**Q** 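Pasting in a structure now, in structure tokens, and then I'll have a few things to ask.
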2 protein chains.
Amino acid sequence: MSWSEQAAGRLNEAGFRAGAARRQVIELLEGEHCAVTALEIDSRLPAVGRASVYRTLEQLEQLDLVHRVDVGADVVAFERNDPGEHHHHMVCVRCGRLVPFEDPALERAIHGVGEGAEFEVLSHDVLLRGVCPRCQEKG
Amino acid sequence: MSWSEQAAGRLNEAGFRAGAARRQVIELLEGEHCAVTALEIDSRLPAVGRASVYRTLEQLEQLDLVHRVDVGADVVAFERNDPGEHHHHMVCVRCGRLVPFEDPALERAIHGVGEGAEFEVLSHDVLLRGVCPRCQEKG
DNA sequence: ATCTGTGCAAATAGTTTGCATCCTC
DNA sequence: GAGGATGCAAACTATTTGCACAGAT
């Protein structure tokens with residue numbers, strides 16, 4: 001079952017009705033491997049109102065079908081949650097390019113922190129900032 | 001030498017002149033152990049214009065005297081950079097409380113990722129989201 | 001005297017909300 | 001037919017910019 005089918009099912013269970021705007025946002029996210037911003041989604045879906053993009057993303061986030069990636073002060077991107085797929089991001093400080101990576105050792109270390117903390121840790125984000133290969137060439 | 005003295009010196013070297021607004025922002029940050037938002041700084045310094053708060057934070061960030069902590073979609077906080085002191089944050093999803101932590105194993109793991117990557121990694125952020133002890137009690 | 005730093009107000013960018021209308025159930 | 005879903009426009013929040021003036025060198 002694809003992510004978009006799951007999403008549709010979960011939304012249905014949660015009592016949401018089917019609508020064109022949400023379906024389009026979901027289809028777009030289905031085709032993305034990594035994070036996209038709300039405004040990018042909006043501009044790629046001219047038939048969908050901006051407010052609907054934000055509303056849909058909020059709903060999907062609450063149902064844990066999507067999660068936020070905070071990239072800089074301003075830019076916030078969203079990507080779908082695929083069970084079993086868990087990655088973090090490197091962002092190029094020059095061109096803004098976002099590159100996913102995963103690292104088991106890092107996950108273990110984070111899990112270890114959660115164990116020892118008073119917090120009940122629910123989720124985590126890791127962001128590496130640096131210069132991507134392409135921008136390194138440019139000097 | 002205190003952080004604020006270092007900051008003053010570094011700003012001077014960089015060709016900045018001394019001004020009242022920047023001095024007050026720096027003094028406020030000197031007294032903070034963890035991150036504060038631009039708006040909080042603004043409201044605690046009524047004599048300083050909001051624009052000056054943002055300008056000062058931008059300058060301090062460029063001189064690596066301060067760095068951003070991205071906490072949620074909206075909230076961005078700043079804290080001073082103390083050489084030798086490097087910590088990350090847990091944020092409570094209920095009350096927004098920010099709690100610093102440090103973990104050598106986590107740092108090693110992150111360093112390891114940087115080694116293997118094509119990116120030239122300059123800095124990193126880790127954020128754990130969860131429920132703080134106080135909010136756990138409230139149910 | 002010069003030229004930077006500052007405060008104010010206006011502009012901007014991203015996001016949220018109000019509301020009339022459309023569409024699903 | 002009732003009530004949620006949607007688009008539009010207005011409201012809001014955080015941040016940035018333009019500009020005249022005060023203040024540092």
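Naming convention: chains lettered A, B, ... in sequence-line order (proteins, then strands); numbering from 1 in each chain. Predicted, not measured: the structure shown is a model, and the values here were computed from it.
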**Q** Could you check how far CD1 of I41(A) sits from P of dG7(D), rounded to whole Å?
**A** 14 Å
**Q** Tell me which nucleotide among dT17(C), dC8(C), dA5(D) gets nearest to the side chain of F16(A).
**A**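 Within the option list, the nearest is dA5(D).
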**Q** For the residue pair L128(B) and F119(A), establish whether any side-chain heavy-atom pair is separated by less than 4.5 Å.
**A**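 They are not in contact (no side-chain heavy atoms under 4.5 Å apart), so the answer is no.
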**Q** What's the CG-P distance between L39(B) and dT16(D), to the nearest Å?
**A** 11 Å
**Q** How many whole angstroms separate atom CG of L57(B) from atom C1' of dT17(D)?
**A**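 Distance check: L57(B) CG to dT17(D) C1' gives 17 Å.
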**Q** Any idea which of dG7(D), dT25(D), dT24(C) is nearest the A18(B) side chain?
**A** dT25(D)
**Q** Using the side-chain heavy atoms of Y54(B), tell me which of these nucleotides is nearest: dT16(D), dG18(D), dT15(C).
**A** dT16(D)
**Q** Within this structure, what is the CG-to-P distance between N12(A) and dA5(D), rounded to whole angstrom?
**A** 11 Å
**Q** Just the rounded figure in Å: distance from P of dG4(D) to CG of L11(A).
**A**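 To the nearest whole Å, that distance equals 16 Å.
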**Q** Side-chain donor-acceptor pair under 3.5 Å between H86(A) and E107(A), yes or no?
**A** yes
**Q** With a 4.0 Å cut-off on N to O distance, would you call E32(A) and R44(A) a salt bridge?
**A** yes
**Q** Rounded to the nearest Å, what distance is computed from the CD atom of residue Q59(A) to the P atom of nucleotide dT16(C)?
**A** 12 Å
**Q** Please determine if a side-chain N or O atom of R22(B) lies less than 4.0 Å away from the OP1 or OP2 oxygen of dG5(C).
**A**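 For dG5(C), OP1 or OP2 has a side-chain N or O of R22(B) closer than 4.0 Å.
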**Q** Using a 4.0 Å heavy-atom cut-off, does A51(B) contact any base of the nucleic acid, only the sugar-phosphate backbone, or nothing at all?
**A**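 Touches a base.
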**Q** I need the CZ-P distance between R23(A) and dC22(C), as an integer number of Å.
**A** 19 Å
**Q** Using whole Å, what does the distance between atom C1' of nucleotide dG14(C) and atom CG of D42(A) come to?
**A**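 Interatomic distance, CG of D42(A) to C1' of dG14(C): 11 Å.
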**Q** Determine whether any donor atom in the side chain of R55(B) lies under 3.5 Å from an acceptor atom in the base of dG7(C), or the reverse, and answer yes or no.
**A**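 By the distance-only test, yes, there is a pair.
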**Q** Which is more 5' along DNA chain D, the nucleotide nearest G19(B) or the one nearest E58(B)? Just name the residue.
**A** E58(B)
**Q** Go through dT17(C), dG5(C), dG7(C) for me and flag the one nearest to the R17(B) side chain.
**A**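 Of the options given, the side chain of R17(B) lies nearest dG5(C).
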**Q** State plainly whether the residues R129(A) and D125(B) are in salt-bridge range, i.e. N to O under 4.0 Å.
**A**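 A salt bridge is present here (some side-chain N lies under 4.0 Å from a carboxylate O).
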**Q** Got T37(A) and I41(A) here, is their nearest side-chain heavy-atom distance under 4.5 Å?
**A** no
